[in-house]
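Protein chains get the first letters and strands the later ones, always in sequence-line order, with residue 1 at the start of each. As a basis for the values below, the full set of heavy atoms in this structure was taken, side chains included, without hydrogen atoms, waters or symmetry mates.
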Amino acid sequence: MDIAINTGNSKYHVDKNGYYGRFGGAYIPEMLYPNVEELQTKYFQILSDPSFQQEFDALLRNYVGRPSPLYLARRLSEKYNANIYLKREDLNHTGAHKINNTIGQILLAKRLGKNRIIAETGAGQHGVATATVCALMNMECVVYMGSIDIERQAPNVARMKMLGATVVPATSGSQTLKDATNEAIRDWINNPVDTHYILGTASGPHPYPDMVARFQSVISEEIRKQLKEQTGSELPDYLVACIGGGSNAAGTYFHYLDEPSVKIIAVEAGGKGVHSGFSAATTQLGKLGIIHGAKTLLMQTDDGQIVEPHSISAGLDYPGIGPMHAHLYESGRGQFLSATDEEALEAAYELSKLEGIIPAMESAHALAKLKDLPLKKDDTVVLCLSGRGDKDLNTYIRHMSK
Amino acid sequence: MQNRIDQLFAKKPNGVLNIYCTAGFPELNDTLPVMKALQEAGADIIELGMPFSDPLADGPVIQDSSAQALKNGMSIPVLFSQLEGFRKEIQVPVILMGYLNPVMAYGIEAFCIKCSELGIDGVILPDLPMAEYESEYKALFEQHNLHFIFLVTPETSEARIRKIDSLSRGFVYAVSSSSTTGKDKEMGDQKAYFERLKGLQLKNPVLVGFGIKDKKTFDAAAANANGAIIGTAFIRALSGSQDINKTVKDFVGSII
Ligand SMILES: Cc1ncc(COP(=O)(O)O)c(C=O)c1O
C-alpha cells in the first residue's frame with residue numbers, strides 16, 4: 001500500500017507549505033505549535049517508513065477486513081440507467097471508513113511516543129473507530145462529542161463506553177461536531193506532551209488534511225484495482241462521495257485527482273434546504289475563513305462569527321470543509337451538490353429496498369444525488385458508501401412512521 | 001507619537017498590571033465603563049477581548065463571557081463605534097485581543113486603519129501564524145503604529161522565542177503554562193521557564209499571562225517578569241457584579 005507517494009507536482013494535492021491553492025495552512029495558537037510542528041516535520045517520514053506501511057497494511061487487511069468490496073449495484077444501476085458501483089466502506093470493522101484513518105494515526109501516535117489519545121466525533125463513527133484502536137493498542141482514550149449528537153447517536157456512545165473510552169459532552173455553542181472539535185483542541189492545548197489528537201476528517205491545521213487523506217487514500221487505491229478487474233478500466237466516469245469535513249471524499253478522489261476524465265462529485269448536507277437557514281452546504285453558504293486551524297470556506301456571519309449548521313446527519317453537521325475540497329470547489333475540479341434531509345432519507349430507504357443495504361445517513365446524501373447526475377447508459381459511477389446505517393436506526397424509524 | 005505601550009514600559013519597567021476584559025460584557029454598553037473603572041483603579045494596560053464564537057485558546061469562563069457578549073450584540077463594528085472618542089477619557093495603553101476570523105471578515109487592512117484612528121496601541125491574534133504575519137502583515141501593522149504581540153509557552157524552543165522577540169513590539173506575552181485561559185497550574189513548575197526567559201535577555205518586556213488570579217500569583221509572576229496579565233479571575237469577578245465601579249476598584253485594589 002502506498003500512502004507516501006510523492007504528489008509534489010499535482011495541482012490538487014498539498015503543497016510544501018501545507019496549502020491547497022489559497023486554502024489550508026496552520027492557523028493555531030502558539031500553545032499548539034510544538035505539537036503541530038512535530039507532526040509537520042515527522043508525518044511524512046513516518047508514513048514513508050516500510051515498517052510503518054507493513055503494520056498499517058496488515059491491520060487494514062486482518063483487523064479492518066480490507067480490501068472492502070466494490071459492488072456493482074444492479075437494481076440501483078437499472079433505476080438510474082448507468083453502471084453504479086458501491087465502494088463498501090460500510091463493511092469495514094466498526095462500520096465506516098473512519099477506521100482507515102484511526103489505524104494510521106494510532107500507529108503514528110505510538111511512533112511519536114504518545115500514550116493518551118483524544119478525538120472529536122459527530123456521528124460517533126470516528127469516536128468508535130478511535131476507541132477501537134485505543135483498545136487495540138492499550139491507550140487511554142477521551143472522545144469529545146456534542147451533547148446533541150450524544151442524544152441522536154446513542155448506540156455509538158454506548159459502543160465507545162464499552163470499548164473503554166471516556167465520552168465527554170461538549171456543551172458549548174451548537175453542541176455538535178464543531179464544538180466537540182473545539183473541546184478536543186482545548187484538551188490538546190492543556191496536555192501538550194503526552195497526548196496525540198486523532199482528528200477524524202480531512203480538516204484542521206496542516207498536516208492533518210493531507211495525513212488523513214493519505215490514510216483514506218486506500219479507498220481509491222483499491223477502487224482503481226477493483227474497477228480494472230471488473231470493467232477493464234481503472235477510470236470511472238464519476239466519483240461520488242458525501243462531504244462532512246471530507247475524509248471519505250478525499251480517500252475516494254485521492255488517486256484520481258489528476259485524471260481529468262474522471263468527474264468528481266461532492267455532496268454536502270443541504271439540511272432543510274440551502275437557503276432555509278438550516279443547512280450545512282458550506283460551498284454554497286460559506287466564504288473564506290479560519291476554522292479549527294485551517295483557512296477554508298466557512299459558514300459565518302458578516303461579522304465573522306461561525307454559523308451553527310444544520311443537518312439531519314450528525315457526521316455532516318459541520319460549518320467548514322477540508323481545505324483540499326475548498327480548492328477542488330474553487331478550481332472547478334470538483335462539482336459540489338447538496339442533498340436535503342428529505343432527499344437523503346428517501347435515498348436511504350431506496351438503497352435498503354433495492355439492494356438490501358441500509359446506509360449511514362451521511363452516505364445517503366451521496367446516494368440522493370444519483371438522480372441529479374446527467375447519466376448515460378454506459379457511464380460508470382463509483383459511489384463511496386462511507387458507512388452503515390445501524391447508528392441511524394432511530395432517525396430512520398422516526399421517519400418510517402410518517 | 002511614541003506608542004503608549006513603549007511609553008509605559010519606559011516609565012514603569014516592572015510590576016505592570018494588564019487586565020483583560022471581554023468587550024460588551026457583562027452588558028453591551030459596559031465596555032467603556034469597565035475600561036474607565038480599570039484606569040481609575042490603577043490598571044496599567046487594558047486588553048479588550050473581541051468576542052468570537054469559537055475561542056479555541058480560552059477556557060470556560062472567557063468562553064462564556066464571549067458567548068454572552070455576542071448575545072448582547074457585540075461585534076467588531078459595534079466595538080469600534082463604542083470606542084469612538086475614547087481617548088478623550090482613557091490614557092492607558094489599550095490592546096485588542098481576538099481571533100483571526102472576525103478580523104479577516106472585517107478586513108485586516110481596514111481593521112488596522114480603524115485601530116490607528118481610534119488610538120489602539122496593540123493587537124493580539126493568537127491564531128495568526130508568525131510566518132504569515134512577517135510576510136503579509138508586519139509592514140501594515142507597523143505603518144499604523146500598532147504593536148503586534150506574540151505568545152510564547154514553556155514548550156517554545158529558544159530559537160523560536162528569539163524569532164518571536166524579533167517580530168514582537170511592545171511586549172512578549174508569556175503563557176505561564178501550556179493551557180487554555182483559566183486553568184490552575186502550579187506556579188512552582190514555571191520557575192525554571194521564567195528563569196530561562198530571563199536568561200535570554202529579550203529585547204521586549206515580558207508579561208506573564210494565564211493562571212494569574214490574585215495578589216500572590218501576580219507578585220510571583222511579576223517577580224520573574226515585567227508584569228502580568230489577569231483575565232479569567234477578573235471576568236469571574238465582573239460576572240456577578242451589581243456595581244461595576246466598585247467591583248473593578250475592589251478587584252484591582254486586591255492585586256496592587
Ligand atoms: C458514515 C460516515 N460518512 C461520512 C462522514 C462524514 O465525514 P467525512 O466527510 O470526513 O467523510 C461521517 C462522519 O461522521 C460518517 O460517519
Open item on the list: Is there a side-chain contact between A:E30 and B:I164 in this structure, where contact means two heavy atoms from C-beta onward sitting under 4.5 Å apart?
Closed with: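 Heavy-atom side-chain distance check passes, below 4.5 Å.
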
Task: Minimum side-chain heavy-atom gap A:Y33-B:R160 below 4.5 Å - done: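 With C-beta onward as the side chain, the pair touches.
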
Under a 4.5 Å heavy-atom cut-off, does chain B meet the side chain of [X], its backbone, both or neither?
X: A:E308; answer: neither
X: A:E37; answer: neither
X: A:V307; answer: neither
X: A:L288; answer: both
X: A:D187; answer: neither

Which atoms of [X] come close to chain A, meaning under 4.5 Å heavy atom to heavy atom: side chain ones, backbone ones, both, or neither?
X: B:L125; value: neither
X: B:I76; value: neither
X: B:F52; value: both
X: B:P51; value: backbone

Task: Residue that, paired with B:L56, satisfies side chain to side chain contact (heavy atoms under 4.5 Å, CB included) out of A:I28, A:T181, A:N182, A:L32 - done: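 Only one option passes, and that is A:N182.
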
Task: A:I291, A:I290, A:D303 screened by side chain to side chain contact (heavy atoms under 4.5 Å, CB included) with B:N101, the one that passes - done: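 Of all the options given, the one that passes is A:I290.
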
Task: Under 3.5 Å: donor-acceptor pair, side chain of B:D127, backbone of A:Y27 - done: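 Such a contact is absent between B:D127 side chain and A:Y27 backbone.
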
Open item on the list: Given 3.5 Å as the limit, does a donor-acceptor pair link the side chain of B:S53 with the main chain of A:I306, or not?
Closed with: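 Such a contact is found between B:S53 side chain and A:I306 backbone.
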
If I compare all heavy atoms of [X] with all of [Y], which pair ends up nearest, and what's the gap?
X: B:P129; Y: A:A26; answer: CG-O, 3.5 Å
X: B:M104; Y: A:G289; answer: CE-CA, 3.9 Å
X: A:R186; Y: B:D54; answer: NH2-C, 4.4 Å
X: B:E155; Y: A:V193; answer: OE2-CG2, 4.0 Å

State whether the number of non-hydrogen atoms from other residues, nucleotides or ligands found under 6.0 Å of [X] atom [atom1] is greater than 12.
X: B:K203; atom1: NZ; result: yes
X: B:Y133; atom1: OH; result: yes
X: A:D302; atom1: CG; result: no
X: B:E142; atom1: CD; result: yes
X: A:K287; atom1: NZ; result: yes
X: B:E117; atom1: CD; result: yes

